[in-house]
**Student:** 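Quick one: the structure is below, and I'll ask about it shortly.
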Amino acid sequence: MMDLKGMTALITGASRGIGRAIAIYLAELGAQVAVNYASSEEQAREVVEQIKNRGGRAMAIKADVANVRDVDSMFEQVLAEFGDLHILVNNAGINRDGLLIRMKQEDWDAVLETNLKGVYNCSKEAARIMIKKRRGKIINISSVVGVAGNAGQSNYAAAKAGIIGFSKAIARELAPRNIQVNVVAPGFITTDMTDKLPEAVKQDMLNRIPLGRYGKPQEVAYVVGFLASDKSQYITGQVIHVDGGMIM
Ligand SMILES: NC(=O)c1ccc[n+]([C@@H]2O[C@H](COP(=O)([O-])OP(=O)(O)OC[C@H]3O[C@@H](n4cnc5c(N)ncnc54)[C@H](OP(=O)(O)O)[C@@H]3O)[C@@H](O)[C@H]2O)c1
């Protein structure tokens with residue numbers, strides 16, 4: 001049985017979708033959980049309430065992961081409330097899709113800043129804490145798009161591929177300190193991010209999924225729970241696909 005009792009976890013972008021499912025699942029496994037969000041305060045509070053109602057410990061923290069000052073203050077709040085940090089899940093992400101020749105510079109920048117620089121900002125702060133304790137788990141949420149590409153998502157694909165290279169580099173740096181760094185690459189998971197896609201795009205995606213259905217946020221959370229636990233102590237620098245077989 002996986003057990004995260006006594007562990008503290010910070011999940012970025014946990015007000016909705018995949019991050020929300022991860023926060024609730026890690027709390028179910030016994031972790032105390034910091035629920036980060038950018039603007040959906042009410043939804044983040046609802047996640048915290050749900051965890052507390054089930055007997056867990058949780059707090060909501062507003063912070064833009066792309067903003068270093070916000071990130072510094074977020075880590076201070078986690079340490080002030082919980083005293084330690086054992087698990088970081090870099091899940092916050094956005095998309096600003098468009099074909100390359102029409103892609104605005106601001107859309108490129110926004111996606112790279114949030115999806116890639118955000119991972120750097122948070123991993124750096126977490127590593128500082130974890131190195132001292134000689135233990136820790138960093139789990140970064142990439143995407144099948146970062147591995148296989150996708151027309152109309154060059155900014156998103158660049159950021160998500162960047163997460164994979166970044167994670168492998170820091171997995172090597174942090175391995176001697178007993179910190180494991182892994183990547184989860186979801187396929188098409190039903191959330192707000194995918195709900196807004198045109199029906200034709202959704203159908204095209206479905207045709208490319210051997211298991212014949214979209215994934216659920218919970219199915220990503222199960223893998224994150226395993227990677228956050230001591231059952232995965234010998235796994236680092238890996239990319240685990242949760243995509244119904246889209247990429248093999
Ligand atoms: N859904 C999929 O099919 C799929 C597939 C592959 C990978 N992914 C990845 O999985 C992650 C979660 O996706 P999702 O589908 O659950 O997305 P979502 O439903 O759109 O939720 C995104 C979450 O990220 C937060 N967020 C956005 N920008 C942020 C920022 N600058 N700072 C802090 N938090 C921020 C949002 O907070 P607010 O609520 O406050 O805006 C929200 O909690 C993303 O990294 C995404 O790229 C998703």
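Both backbone and side-chain heavy atoms feed into the values below; hydrogens, waters and symmetry mates do not. Read the numbers this way: they start at 1 and go in the same order the structure lists the ligands and their atoms.
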**Student:** Pull out every atom of ligand 1 sitting under 4.0 Å from any heavy atom of Ile94, numbered as shown with elements.
**Tutor:**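 Under 4.0 Å from Ile94, ligand 1 has these atoms: 27 (C), 28 (N).
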**Student:** Taking C-beta and beyond as the side chain, do Glu42 and Arg45 meet within less than 4.5 Å on heavy atoms?
**Tutor:**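 A side-chain contact is absent here, since even the closest heavy-atom pair is not under 4.5 Å.
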**Student:** Distance under 4.0 Å to a non-hydrogen atom of Ala63: what atoms of ligand 1 satisfy this?
**Tutor:**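 Those of ligand 1 that fall under 4.0 Å from Ala63 are 32 (N), 33 (C).
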**Student:** Any idea which atoms of ligand 1 are less than 4.0 Å away from a heavy-atom of Ser39?
**Tutor:**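 This gives 38 (P), 40 (O), 41 (O) as the contact atoms.
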**Student:** What protein heavy atom sits nearest atom 10 (O) of ligand 1, and how far away is it?
**Tutor:**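 For this ligand atom, the closest protein heavy atom is Ile141 CG2, 3.4 Å.
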**Student:** Give the residue and atom name of whichever protein heavy atom lies nearest to atom 22 (C) of ligand 1, and the separation in Å to one decimal.
**Tutor:**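 That would be Gly93 O, 3.8 Å.
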**Student:** What residue and heavy atom of the protein are closest to atom 12 (C) of ligand 1, and at what distance?
**Tutor:**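 Answer, as residue, atom name and distance: Asn91 OD1, 3.2 Å.
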**Student:** Among all protein heavy atoms, pick out the one at the shortest distance from atom 36 (C) of ligand 1; state its residue, atom name and that distance to 0.1 Å.
**Tutor:**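 Sorting protein heavy atoms by distance from atom 36 (C) of ligand 1 puts Arg16 NH2, 3.7 Å first.
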**Student:** Are any of the side-chain heavy atoms of Phe82 and Arg57 separated by less than 4.5 Å?
**Tutor:**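 Side chain of Phe82 against side chain of Arg57, heavy atoms only: contact under 4.5 Å found.
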**Student:** Of all the atoms in ligand 1, which lie at a distance below 4.0 Å from a heavy atom belonging to Tyr37?
**Tutor:**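 It comes down to these atoms of ligand 1: 40 (O).
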**Student:** Counting non-hydrogen protein atoms only, what is the nearest one to atom 16 (O) of ligand 1? Give residue, atom name and distance.
**Tutor:**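 Closest protein heavy atom to atom 16 (O) of ligand 1: Ile18 N, 2.8 Å.
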**Student:** Do Val71 and Phe75 come within less than 4.5 Å of each other through their side chains, counting heavy atoms only?
**Tutor:**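 Side-chain contact under 4.5 Å: yes.
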**Student:** Check the pair Asp192 / Lys196 against salt bridge (Lys or Arg N to Asp or Glu O under 4.0 Å), numbers first and verdict last.
**Tutor:** CA-CA 7 Å; Asp192 293 346; Lys196 64 189 180 196; over 6 Å; no
**Student:** Heavy atom of Glu41 under 4.0 Å from ligand 1?
**Tutor:**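 Flag not set, Glu41 not near ligand 1.
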**Student:** Please write down residue, atom name and distance for the protein heavy atom closest to atom 46 (C) of ligand 1.
**Tutor:**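 Answer for atom 46 (C) of ligand 1: Tyr156 OH, 3.4 Å.
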**Student:** Do any N or O atoms from the side chain of Thr194 and from the backbone of Ile189 form a donor-acceptor pair under 3.5 angstrom?
**Tutor:**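 Indeed, once roles are kept as given, a pair shorter than 3.5 Å links the two residues.
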**Student:** Can you list the ligand 1 atoms lying under 4.0 Å from a non-hydrogen atom of Ala14?
**Tutor:**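 Selected atoms, number and element: 43 (O).
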**Student:** Is there a donor-acceptor contact under 3.5 Å from the side chain of Thr12 to the main chain of Asn91?
**Tutor:**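 Yes: the side chain of Thr12 pairs with the backbone of Asn91.
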**Student:** Answer yes if the side chains of Gln43 and Arg20 hold a donor-acceptor pair under 3.5 Å, and no otherwise.
**Tutor:**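 No donor-acceptor contact under 3.5 Å links the two side chains.
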**Student:** I'd like to check which ligand 1 atoms, numbered from 1 as shown, lie under 4.0 Å from a non-hydrogen atom of Pro186.
**Tutor:**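 It comes down to these atoms of ligand 1: 5 (C), 6 (C), 7 (C).
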**Student:** Which of the atoms of ligand 1 are close to Thr194, meaning less than 4.0 Å from one of its heavy atoms?
**Tutor:**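 Every atom of ligand 1 under 4.0 Å from some heavy atom of Thr194: 1 (N), 2 (C), 3 (O).
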**Student:** Are any non-hydrogen side-chain atoms of Lys137 and Gln233 less than 4.5 angstrom apart?
**Tutor:**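 Heavy-atom side-chain distance check passes, below 4.5 Å.
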**Student:** Which residue and non-hydrogen atom of the protein lie closest to atom 39 (O) of ligand 1, and at what distance in Å?
**Tutor:**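 Here the closest protein heavy atom is Ser40 OG, 2.5 Å.
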**Student:** Out of Asn115, Asp243, Asp64, Thr191, indicate the one that has the non-hydrogen atom closest to atom 14 (P) of ligand 1.
**Tutor:**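 The residue whose heavy atom sits nearest atom 14 (P) of ligand 1 is Thr191.
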**Student:** Mind checking whether Asn36 contacts ligand 1 via backbone (N, CA, C, O), side chain (CB onward), both or neither, at a 4.0 Å heavy-atom cut-off?
**Tutor:**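 Just the side chain.
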**Student:** N/O to N/O below 3.5 Å, does that happen between Ala38 and ligand 1?
**Tutor:**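 By distance alone, the answer is yes.
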**Student:** Name the closest protein heavy atom to atom 25 (C) of ligand 1, giving the residue it belongs to and the distance to 0.1 Å.
**Tutor:**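 Of every protein heavy atom, Gly13 CA, 3.4 Å lies nearest to atom 25 (C) of ligand 1.
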**Student:** Report yes if some N/O of Gly19 lies less than 3.5 Å from some N/O of ligand 1; otherwise report no.
**Tutor:**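 There is no such contact.
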**Student:** If the cut-off is 4.0 Å to any non-hydrogen atom of Phe188, which atoms of ligand 1 fall inside it?
**Tutor:**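 Within the 4.0 Å cut-off of Phe188, ligand 1 contributes 3 (O).
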**Student:** Main chain of Met205, side chain of Tyr214: is a donor-acceptor contact present, judged purely on distance under 3.5 Å?
**Tutor:**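 No, because the side chain of Tyr214 does not come within donor-acceptor range (under 3.5 Å) of the backbone of Met205.
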